[in-house]
Amino acid sequence: MKKAVPAVSGILVGFLAATVFFADFTTQGTSTSATPTGEKSTAEKVYIPFGQQDEYYMFASGGHSGQLFVYGVPSMRRIRTVPVFSPDSATGYGFDKETKEMLGGFRWGDFHHPAFSEKNGEYDGKYMFATDVANNRVAVMDLSTFVVKDILKVPNTVGPHCAAFVTQNSEYLFLPTRFSAPIGQQYASLDDYKTKYNGFMSAVKMNEKTKKLEVAWQVKLPPWSYDLSDAGKKVSGDWAVVTTYNTEEATTNMEINASQKDRDYILLFNWRELEKMVREGKADTINGVKIIDPLKVKSGLYLVPVAKSPHGVDVTPDGKRFIASGKLAPAMTVFSFEKAFEAIKNNKITEQVKGIPVLDYASVMEREVNPENALGPLHTQFDDKGMAYTTMFISSEIVKWDPNTGKTLDRVPVQYSPGHSVSAEGDSVSPDGRYIVALNKLAKDTYLSVGPSHPESMQLIDLASDKMRVIQSAPVDPEPHYAQMIKADKIKTIEVYPKDETNPNAVYQQKNARIERKGNEVHVYGLAMRSKFIFDDKAKRKDTIEVKEGDKVVIHLTNVDFDEDITHGFGINGYDQDIEVQPGETKTLEFVANKAGTFPLYCTNFCSALHQEMNGYLLVQPK
Amino acid sequence: MSKGLSTVSGICLAVAAVLQGISILLPWWGMKFIAPQYPEGLDIVVYPYKLEGRIDIINGLNHYIGMKEFSAATFHELDYLPYVIGAMAILTLIAAIVRKKGILYVLIGLFVIGGTLGIYDMLHWLRSFGTELDPHAPIKISPFIPPIIGENRIANFITYSYFSYGSFLIGAAFLLVLLSLWKERKL
């Protein structure tokens with residue numbers, strides 16, 4: 001017995017010692033696969049194996065769908081559709097109180113140009129701005145949630161096609177007019193076009209605290225069409241450029257009548273100076289908006305003649321040049337900011353047009369670039385070496401050329417008719433030079449047929465070697481007008497909405513779920529969790545809402561599943577109501593129960609094995 | 001130093017006291033839940049004074065099989081465990097200062113009793129959670145008792161239970177106490 005004690009204790013000590021000293025402290029490791037060496041095939045360049053993710057996000061405007069399409073590059077997989085200017089039943093956007101008010105009753109929008117917020121001319125990955133040509137709106141989307149936070153209806157600027165462009169520290173977002181109209185879009189005969197119609201450029205600011213947009217000031221412009229634009233960078237950081245067409249001031253059959261003059265203009269302006277003028281009280285206040293009128297004050301605006309009806313105007317990454325694309329003239333024109341500043345200093349003004357000085361073309365222009373047989377230049381992007389890539393709509397290709405010499409370096413056919421293109425961080429001060437995507441207007445025979453109307457197409461072009469090569473092609477819904485491509489690690493999303501104990505509408509605990517009646521209003525403070533709704537914790541049937549015909553029903557719903565990707569939907573059968581609550585989120589749905597009856601309500605977004613059981617009833621007692 | 005413990009033993013005991021003190025701040029035991037939908041795993045981590053991990057999500061999922069909810073309020077042990085461990089650390093420190101062999105036996109005895117009670121307590125809770133399932137739960141499964149250490153499978157989850165740093169430090173402290181006793185053996 002005496003010997004057994006040390007023996008047993010010895011064994012125990014041994015086990016204990018082994019546990020203490022040899023225990024596996026490492027968590028379950030992830031194995032890293034070896035990177036294949038040597039040249040990759042085209043398929044390998046775009047293949048992203050399960051478990052790995054794309055190198056870039058691409059945000060493509062969805063044109064008249066009013067939506068934003070988010071793609072991964074280089075796989076060209078569509079990751080998400082984000083509704084911006086139009087309602088969307090997949091996400092309940094435009095149905096809940098907040099987004100319904102934000103959409104302002106419009107059922108569609110025409111999302112043209114997306115633009116990232118910037119810091120020192122680099123994308124900072126915080127916000128995306130979007131503009132609506134159809135209903136003169138501007139939106140801001142928070143990139144931590146990919147949800148639109150605010151939409152502002154901008155007065156006077158009618159059809160902000162020429163937007164959005166953001167200054168290098170996101171001081172302003174500019175929206176110039178595509179369509180000229182009388183101020184406030186009041187009625188005026190087209191016979192009075194020259195005197196009563198105007199273009200307007202709006203400077204919009206975002207309050208980062210409230211995430212709300214506001215019109216800071218506007219500039220009254222001649223009644224022309226303003227097409228595309230870009231903000232300056234570095235040396236030209238206080239400046240911006242805008243292309244114009246219809247300086248003919250035609251009022252009908254624009255195709256012919258707005259294409260008569262050999263030259264239109266680039267509007268060059270110093271926004272710091274305009275800002276200062278507004279501060280000094282030199283702007284008129286019309287309908288609550290501060291408006292600078294160049295006919296009344298010397299305004300920091302200049303016109304630079306350019307080959308007729310230009311489309312894009314793009315500032316080089318170093319901020320020293322701006323390049324206009326001819327559209328109707330088969331050439332790109334390279335202008336120098338430095339020469340322009342010099343011309344302004346030396347008063348090289350040839351004439352005044354509508355109160356705006358016109359700079360001498362030869363004093364500002366550096367060179368005209370005309371690649372052989374390249375037709376319909378529309379828009380230019382850049383790579384890490386400052387080389388330019390211009391889309392050719394008519395000759396259906398992308399041409400790579402050197403802005404320093406005008407020499408054509410390479411060209412690649414795309415299928416078919418590219419409008420814009422987007423290169424990796426291609427309009428920042430430091431493009432990555434990795435990829436460029438042609439945003440083609442026509443797909444024709446590219447994909448399986450879906451009838452007479454075909455999808456648009458986006459083609460990924462590898463810029464890693466000297467010779468451009470198309471390595472992937474992806475269909476896309478109508479219609480990317482422009483896109484932005486950002487390094488994936490710049491975007492920091494949240495997984496769940498944080499609890500907000502200050503939100504009076506949020507209910508995080510089941511025992512607080514309740515239904516309160518105030519006169520003919522019924523306020524529901526409910527929650528959604530896997531796999532049930534709790535609207536009233538004290539009720540016999542916790543997942544039933546019973547109201548009287550004619551009651552105003554306000555349903556606040558919180559998703560208390562603070563778990564990645566566990567989104568609940570809330571749809572009411574036969575009542576045209578549909579919202580979504582993301583993990584941790586609280587939303588409010590408001591409607592009048594204007595028809596009596598029995599209406600099942602249910603979770604629309606598949607959440608769990610018992611999702612099918614996640615339902616209850618809205619009972620509306622007849623009057 | 002007749003009758004008393006050697007300096008080496010004294011140091012061993014002092015170190016053992018410090019390790020016990022530190023262990024109060026560290027996790028002692030944990031369970032990781034891995035499912036196809038949760039490849040990253042959901043954790044419950046038990047400290048002497050708190051529960052950590054994604055308890056809300058685990059509770060949310062456990063309601064499908066009718067398991068009771070975990071919460072720090074359920075486990076009253078967490079209210080006094082830090083003091084028990086602290087007292088043990090102080091006692092070990094006293095042993096290091098007094099250096100009496102007799103106190104070593106008391107210490108070892110307390111370690112053994114405390115350890116046994118601790119394991120029994122854990123078994124009790126694991127049995128209680130795994131077997132007292134709500135009969136009205138949507139998913140009916142046979143009662144089960146997850147092991148204190150090792151792998152178990154419940155529905156789509158594989159659970160891994162494991163001791164953690166705090167327990168290891170206690171183990172090391174116990175070894176040091178045994179070591180000091182072994183140093184003083186009569187040759």
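Chain A is the first sequence line, chain B the second, and so forth, proteins listed ahead of strands; every chain is numbered from 1.
- In this structure, chain A has no heavy atom under 4.5 Å from any part of B:Y162.
- Within residues 601-609 of chain A, the residues having any heavy atom under 4.5 Å from a heavy atom of chain B are, by residue number, A:S608.
- Heavy-atom contacts from other residues, nucleotides or ligands closer than 6.0 Å to NZ of A:K487 number more than 12.
- Proximity to chain A (any heavy atom under 4.5 Å) is shown, for B:L179, by neither the backbone nor the side chain.
- Atom OH of A:Y617 is surrounded by 12 or fewer heavy atoms from other residues, nucleotides or ligands within 6.0 Å.
- Enclosure of atom CD in A:E98 is not indicated, since only 12 or fewer non-hydrogen atoms of other residues, nucleotides or ligands lie within 6.0 angstrom.
- Residues A:F562 and B:D56 have side chains not in contact (no heavy-atom distance under 4.5 Å, counting atoms from C-beta outward).
- Within a 6.0 Å sphere centred on NZ of B:K68, heavy atoms belonging to other residues, nucleotides or ligands number more than 12.
- Side chains of B:Q37 and A:D565 form no contact here, defined as non-hydrogen atoms less than 4.5 Å apart.
- When heavy atoms are compared at a cutoff of 4.5 Å, A:D561 does not approach chain B at all.
- Here the shortest heavy-atom pairing between A:E564 and B:R54 reads N-NH2, 4.4 Å.
- Within 6.0 Å of NZ in A:K45 there are more than 12 heavy atoms belonging to other residues, nucleotides or ligands.
- Not a single side chain to side chain donor-acceptor pair (under 3.5 Å) links B:D79 to another residue, sequence neighbours left out.
- For CH2 of B:W182, the number of neighbouring non-hydrogen atoms (other residues, nucleotides, ligands) closer than 6.0 Å is 12 at most.
- Here the CG-CG distance, from A:D563 to B:L61, works out to 7.0 Å after rounding to the nearest 0.5 Å.
- For residues 8-19 of chain B, heavy-atom neighbours of chain A at less than 4.5 Å comprise no residues at all.
- Heavy atoms from other residues, nucleotides or ligands lying under 6.0 Å from CD of A:E516 number more than 12.
- More than 12 heavy atoms of other shown residues, nucleotides or ligands fall within 6.0 angstrom of atom NE2 in B:H124.
- For the side chain to side chain donor-acceptor pair (under 3.5 Å) test, residues two or more places apart in sequence or in another chain that qualify with A:Q509 are A:K511.
- Residues A:R530 and B:H63 share a closest heavy-atom pair of O-CE1, 2.8 Å.
- For B:Y38, the part lying near chain A is the side chain, with the backbone staying farther off; criterion is any non-hydrogen pair under 4.5 Å.
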